[in-house]
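Written below as structure tokens is the structure these notes are about.
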Amino acid sequence: MNKELRPLPEEDAERRRIAKALSEAGFCLPGSIGDERTRCGKPNCRCKSDPPVLHGPYHHWTRKIGGRTAGRYLSDDQLDRYGSWFEQAKRIRDLLAELETLSLRIVERTEGWDPQAPPTGHRPRNTDERPPANPARQRDKQ
Ligand SMILES: [Zn+2]
């Protein structure tokens, strides 16, 4: 028998709030900015003195491209232009996480599932992780 999917009114209001916020999202960039201080190659530079005075900070943008980390330096001007785009990306990720949490709560209630804890170590696998061997028989049991 099909279970009726019925979000509570406050859950639907929450979904609409998140969807509205997502619809107002601005441009966003992947990865993150870290400030980096470096040494150069000149032998008598201040970055080789004791104590060293390092160059920078430089704004180093790193992100994954095809599974590998790629980097690019941004000038102060470029950081001014695009810095908020990284905050936009974080805001979108946070909103998506909220929507996922909300959706999980509805699924768990509808299916009567206990909240799932993160898997740890080498414990035997929970049988719930596998699809029912015979979906038709599984239905008969309920
Ligand atoms: Zn130097």
Side-chain angles (χ1 to χ4, degrees), residues 2-139 141-142:
N2 285 335
K3 290 178 177 166
E4 197 165 346
L5 186 56
R6 198 179 290 167
L8 302 173
E10 59 266 32
E11 288 169 339
D12 211 43
E14 187 70 357
R15 180 194 58 77
R16 281 196 304 273
R17 180 192 64 79
I18 295 166
K20 183 171 184 293
L22 281 169
S23 77
E24 291 160 359
F27 293 112
C28 61
L29 284 170
S32 59
I33 301 278
D35 280 344
E36 224 173 60
R37 292 179 178 275
T38 60
R39 286 173 216 269
C40 69
K42 293 180 208 149
N44 296 317
C45 183
R46 61 192 168 96
C47 66
K48 304 282 195 312
S49 66
D50 189 19
V53 181
L54 301 180
H55 301 280
Y58 301 110
H59 317 297
H60 195 213
W61 171 20
T62 54
R63 64 184 173 122
K64 293 280 186 194
I65 303 176
R68 305 186 70 167
T69 302
R72 191 190 286 282
Y73 287 99
L74 299 183
S75 68
D76 289 344
D77 282 352
Q78 289 168 333
L79 188 66
D80 281 347
R81 275 195 291 279
Y82 308 118
S84 68
W85 293 18
F86 295 95
E87 288 149 30
Q88 272 296 317
K90 183 184 184 309
R91 185 170 149 67
I92 292 166
R93 283 194 300 271
D94 289 348
L95 286 165
L96 179 61
E98 275 187 67
L99 188 56
E100 286 177 341
T101 300
L102 175 67
S103 305
L104 270 172
R105 198 191 313 148
I106 295 167
V107 169
E108 285 164 354
R109 188 183 63 241
T110 303
E111 301 302 324
W113 289 339
D114 291 329
Q116 245 177 337
T120 54
H122 292 41
R123 286 196 322 206
R125 282 173 158 259
N126 187 329
T127 50
D128 280 347
E129 287 177 33
R130 297 187 191 144
N134 183 340
R137 230 173 81 193
Q138 186 79 9
R139 268 202 304 275
K141 278 198 291 188
Q142 293 174 353

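Read the numbers this way: they start at 1 and go in the same order the structure lists the ligands and their atoms.
- In terms of heavy atoms, L102 sits closest to E11 at CD2-O, 3.5 Å.
- Counting only protein N, O or S atoms closer than 2.8 Å to the Zn ion (ligand 1) gives 4.
- Within the model, atoms CG of L5 and CD of E111 stand 8.5 Å from one another, a figure rounded to the nearest 0.5 Å.
- No donor-acceptor distance shorter than 3.5 angstrom exists from the side chain of R15 to the backbone of S103, with no hydrogens or angles considered.
- Counting heavy-atom neighbours within 6.0 Å of D35 CG, excluding the residue itself, gives a total above 12.
- With hydrogens and angles disregarded, a donor-acceptor distance shorter than 3.5 Å links the side chain of W61 to the backbone of P30.
- R39 places a side-chain N or O within 3.5 Å of a backbone atom of C47 that can act as its donor or acceptor partner.
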